[in-house]
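To start, the structure under review is shown below, and the notes come after it.
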Amino acid sequence: MVKYGLDYTRCRWILPLLLGIGVIFGIIALAGRGWLESQTLPYVQQASLWENCRRFQQGGEWNCESLMGYAWGRAAAATYLVGFLLLVICFALAIIAFAIDTLRFNFIRGIGGLLFVAAVFSIMGLVIYPVKFSSEIEMTGINMFSWAYGFGWTTAIMEICLGFFFCCLPNYEDQILGNVKPTYFYSSP
């Protein structure tokens, strides 16, 4: 990407594309019912960010209770949701920043800083949830934090990594814009 610059058509949209993938992973984490699941048969417990469901007998109905009745449930959902909304804002800003012909590198650095703030909020929600869930709610059977919870962590890790990319990209402004003269290692005798 640095070799051809951000004007190179295929490389220009890599960072906004990665942010879009992070947004998709965040949606999966928010909507997924696999934050906590039973590890073995019979499956008796399943939880999302929003509710906890139990089944008392094999083939019976799921009885669900909302986690929004707990203060920690509201805190975990709110902090993760704030991190996700900041990620969506960064995605929109990145599309605007890379759509303009002349890049504003300070604007890009600001997107990186906002991504770090989004990562802090996401990680707070991802830490509050398992700590308080396992201490406040009685769990039956052998349980594990599952795929939707993993998508939440993947989103947080992508926010951190993309924050570094967005913050470090202005350091290579001259190389990206092609303002650096090539260096030749050949010397004539």
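Because the structure is a prediction, the values reported are computed rather than measured.
Checked against side chain to side chain donor-acceptor pair (under 3.5 Å), Trp50 has no partners two or more places apart in sequence or in another chain. Partners of Phe91 according to the ring pair (Phe, Tyr, Trp, His ring centres under 6.0 Å) rule, which considers only residues two or more places apart in sequence or in another chain, do not exist here. For the ring pair (Phe, Tyr, Trp, His ring centres under 6.0 Å) test, no residue two or more places apart in sequence or in another chain qualifies with Phe121. Residues passing the side chain to side chain donor-acceptor pair (under 3.5 Å) test with Thr79: none are found, sequence neighbours excluded. Scored by the salt bridge (Lys or Arg N to Asp or Glu O under 4.0 Å) test, Arg33 finds Glu51 as partners (sequence neighbours excluded). Listed by chain and number, the residues in a ring pair (Phe, Tyr, Trp, His ring centres under 6.0 Å) with Phe84 amount to none (sequence neighbours excluded).
No single ILVMFWY cluster, assembled from side-chain heavy atoms under 4.5 Å apart, contains both Ile137 and Trp62. Leu18 and Ile157 fall into different hydrophobic clusters, where Ile, Leu, Val, Met, Phe, Trp and Tyr are joined by side-chain heavy atoms under 4.5 Å apart, directly or via other members. Val117 and Ile108 fall within a single hydrophobic cluster, where Ile, Leu, Val, Met, Phe, Trp and Tyr side chains are chained together by heavy-atom contacts under 4.5 Å. Criterion: ILVMFWY side-chain heavy atoms under 4.5 Å apart, direct or through other members. Under it, Ile111 and Val88 are part of a common hydrophobic cluster.
Under the side-chain hydrogen bond (donor to acceptor under 3.5 Å, both in side chains) criterion, no residue pair touches residues 81-98, with sequence neighbours excluded. Listed by first and then second residue, the disulfide (SG to SG under 2.5 Å) pairs that reach into residues 115-146 come to none, sequence neighbours excluded. Contacts classified as salt bridge (Lys or Arg N to Asp or Glu O under 4.0 Å) and involving residues 112-128 (residues at least two apart or in different chains) are not found.
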Enumerate donor-acceptor pairs with a distance under 3.5 Å from any side-chain N or O in residues 159-168 to protein atoms, sequence neighbours excluded.
from: Glu159; atom 1: OE1; to: Ala119; atom 2: N; distance (Å): 3.2
from: Glu159; atom 1: OE1; to: Ser122; atom 2: OG; distance (Å): 3.2

Side-chain atoms of residues 64-78: list all donor-acceptor pairs with protein atoms under 3.5 Å, sequence neighbours left out, distances to 0.1 Å.
from: Ser66; atom 1: OG; to: Met68; atom 2: N; distance (Å): 3.1
from: Arg74; atom 1: NH1; to: Met68; atom 2: O; distance (Å): 2.8

What donor-acceptor contacts under 3.5 angstrom involve side-chain atoms of residues 20-30, with partners at least two apart or in another chain?
none

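Gln45 and Asn52 share a donor-acceptor pair across their side chains, judged by distance under 3.5 Å alone.
Looking only at side-chain heavy atoms (C-beta outward), Tyr129 and Phe145 come within less than 4.5 Å of each other.
A ring-ring contact (aromatic ring centres under 6.0 Å, His included) with Trp35 holds for exactly one of Phe133, Tyr149, Trp147; it is Tyr149.
Residue Leu81 holds its CG atom at 8.0 Å from CG of Leu49, rounded to the nearest 0.5 Å. Once rounded to the nearest 0.5 Å, the distance linking CD of Glu37 with CE of Met144 reads 5.5 Å. Rounded to the nearest 0.5 angstrom, Ile95 CD1 and Trp13 CH2 are separated by 6.5 Å.
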